[in-house]
> 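This structure is in structure tokens; I'll ask about it shortly.
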Amino acid sequence: MTLGKREVLTDLDAASASTSVMKKLPEVTLAFWVMKIAATTLGETAGDLFAQTLKLGYFLTTIALFLIFVVTLVVQLRSSRYNPFFYWTVILSTSMAGTTMSDFMNRDASAKFLSDGATSLGWGPQGLGLGYPVGAAILISILLAIFLMWKVSGMTFQIRDIVTFRGEALFWSAILVSNTLGTSMGDFLSDSSGLGYAGGALLVIGVLAVLVAMMRTPAVPNVLLFWIAFVLTRPLGATAGDFLTKPVAKGGLDLGTAGSSAVLLVILFGLMAYAQVRERRATGSGSAEREPVTQRAG
């Protein structure tokens, strides 16, 4: 009789733990990477839409998009469980903010970055003009500092196991900086490396293919591969965004920032809706599996 009670209590404790500690972040699957690339491409086109097409400038756009990031992050942090719309909205906001943050750091009001004879772009500082190598070095240093703090804190780097507020805060800090770094890398590949949009995208795809192959190598931690891939999918999105929006003379499709952003937004929201349906089905099946435990305890 005592043994039976112990078994029931063990089952109840396990059920309680699974319901009280809900996952806040998604599983890393192929669908995850497809949505990541879609979100980062949209972040590139939408950031350029506000800063360049609407001529708000890098300074004002960076402030506005960073505030949007803060709002979406608060919603995500206050959520008690993983919600695809909340999660991917934050990813999108980091992509948009990262685009203009990178541009503000690396660019200036010179003719190299302004077209059609323009002498300025929006109100406020036009940019720091640090250049892509210096900007990337600064961002890499910040990202390494975040990972060092993360390591010292003793919290896990495994996304599926991040359930605390502090762990999530470190995760999203790394996401914002990595997306900004990825933008700098993408712009460098497209504009300064001589590879062009297609060449830059092919290079990144090749490196990502190598990372996929390395997943089968026990000597290389999958967590490390994930973060390298996360950074590299940002320049892939940046080069894809440039390819969609830039003039044909520069090797693009000349679809414009507004048109490209609208199409990508529809695609991303469709993927988010699909992820939401799958999450609800998974949650429903999980609840059904836990019902026998409650009945047996009664």
Side-chain angles (χ1 to χ4, degrees), residues 9-29 31-33 35-36 39-40 43 65-98 101 139-182 215 220-231 233-234 272 275-276 278-287 289-290 293-294:
L9 289 175
T10 302
D11 289 340
L12 286 174
D13 290 341
S16 176
S18 65
T19 54
S20 62
V21 183
M22 296 291 186
K23 70 170 186 174
K24 295 290 298 297
L25 304 175
E27 297 291 336
V28 180
T29 62
F32 172 92
W33 292 112
M35 294 180 71
K36 168 64 167 60
T40 53
L65 294 180
F66 186 81
L67 291 176
I68 292 175
F69 159 69
V70 172
V71 172
T72 58
L73 179 59
V74 169
V75 173
Q76 164 67 20
L77 292 176
R78 290 177 62 87
S79 176
S80 60
R81 62 176 303 122
Y82 170 60
N83 184 302
F85 278 99
F86 294 165
Y87 175 86
W88 289 105
T89 300
V90 185
I91 291 291
L92 176 58
S93 66
T94 61
S95 298
M96 292 191 298
M101 288 169 62
L139 292 168
I140 290 173
S141 300
I142 296 174
L143 188 59
L144 290 176
I146 293 173
F147 284 137
L148 179 61
M149 292 174 55
W150 198 336
K151 179 69 174 178
V152 171
S153 71
M155 288 179 288
T156 179
F157 283 96
Q158 294 284 356
I159 288 183
R160 63 177 180 270
D161 297 329
I162 297 176
V163 293
T164 65
F165 178 89
R166 187 168 58 166
E168 225 187 328
L170 286 168
F171 172 80
W172 287 115
S173 298
I175 292 296
L176 178 63
V177 177
S178 65
N179 272 334
T180 308
L181 172 61
M215 289 178 61
V220 183
N222 281 348
V223 172
L224 175 62
L225 295 177
F226 167 82
W227 282 105
I228 296 175
F230 200 96
V231 172
T233 50
R234 185 64 185 92
M272 290 165 65
Q276 183 73 33
R278 290 195 60 183
E279 183 66 20
R280 288 180 178 177
R281 288 177 179 174
T283 303
S285 62
S287 299
E289 290 175 357
R290 287 194 293 268
V293 175
T294 305

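For clarity, every value in this text was computed on a predicted model and none was experimentally measured.
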> Not counting sequence neighbours, which residues clear side-chain contact (heavy atoms from CB on, under 4.5 Å) with Thr156? List them please.
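Checked Thr156 against side-chain contact (heavy atoms from CB on, under 4.5 Å); matches are Gln158, Asp161, Ile162.
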> Can you tell me how far the CG atom of Leu170 sits from the CE atom of Met155, to the nearest 0.5 Å?
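Between Leu170 CG and Met155 CE, I get 4.5 Å after rounding to 0.5 Å.
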> Enter the distance from Asn179:CG to Ile175:CD1 here, rounded to the nearest 0.5 Å.
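Here the interatomic distance stands at 6.5 Å.
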> Sequence neighbours excluded, which residues qualify as side chain to side chain donor-acceptor pair (under 3.5 Å) partners of Thr180?
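Side chain to side chain donor-acceptor pair (under 3.5 Å) list for Thr180, sorted by chain: empty.
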> Can you tell me how far apart OG (Ser95) and CG (Leu65) are? Round to the nearest 0.5 Å.
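Going from the OG atom of Ser95 to the CG atom of Leu65 covers 11.0 Å.
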> Report the distance from atom CD of Gln276 to atom OH of Tyr82, rounding to the nearest 0.5 Å.
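Separation between the atoms: 8.0 Å.
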> State which residues pass side-chain contact (heavy atoms from CB on, under 4.5 Å) with Leu143; sequence neighbours excluded, sorted by chain then number.
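Partners of Leu143 by the side-chain contact (heavy atoms from CB on, under 4.5 Å) criterion, ordered by chain and then number, come out as Phe147, Ala174, Val177, Ser178, Leu181, Val231.
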> Report the distance from atom CE of Met101 to atom OG1 of Thr94, rounding to the nearest 0.5 Å.
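Met101 CE to Thr94 OG1: 10.0 Å, rounded to 0.5 Å.
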> Kindly write out the residues that satisfy ring pair (Phe, Tyr, Trp, His ring centres under 6.0 Å) with Trp150, not counting sequence neighbours, or none if the list is empty.
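Here the qualifying residues are Phe157, Trp227.
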> Is any side-chain heavy atom of Lys36 closer than 4.5 Å to one of Trp88?
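Trp88 vs Lys36: side chains touch.
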> I need the Gln76 CD to Phe85 CZ distance, nearest 0.5 Å.
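So the CD of Gln76 and the CZ of Phe85 are separated by 13.5 Å.
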> Can you name the side-chain contact (heavy atoms from CB on, under 4.5 Å) partners of Thr89, sequence neighbours left out?
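So Thr89 forms a side-chain contact (heavy atoms from CB on, under 4.5 Å) with Thr72, Met272.
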> Phe226: which residues meet the ring pair (Phe, Tyr, Trp, His ring centres under 6.0 Å) condition with it, sequence neighbours left out?
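Testing Phe226 for ring pair (Phe, Tyr, Trp, His ring centres under 6.0 Å), a comparison that skips the adjacent residues, returns Trp33, Phe230.
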> Using the salt bridge (Lys or Arg N to Asp or Glu O under 4.0 Å) rule, collect all pairs that involve residues 163-173, keeping only residues at least two apart or in two chains.
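Qualifying pairs: Lys24-Glu168.
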> Does Val74 reach the side chain of Phe69, with side-chain heavy atoms less than 4.5 Å apart?
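Val74 vs Phe69: side chains apart.
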> What are the two closest heavy atoms between Leu224 and Val220, and how far apart are they?
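Heavy atoms only, the tightest pair is CD2-CG1, 4.5 Å.
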> Write down the atom of Leu92, the atom of Gly43, and the distance for their closest heavy-atom approach.
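Closest approach of Leu92 to Gly43: CD1-N, 4.0 Å.
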> Could you tell me which non-hydrogen atom of Ala39 sits nearest to which non-hydrogen atom of Ile91, and how far apart they are?
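Nearest heavy atoms, Ala39 then Ile91: CB-CG2, 3.8 Å.
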> Give the intermediate values and the outcome of side chain to side chain contact (heavy atoms under 4.5 Å, CB included) for residues Val70 and Phe66.
CA-CA 6 Å; Val70 172; Phe66 186 81; 3.8 Å; yes
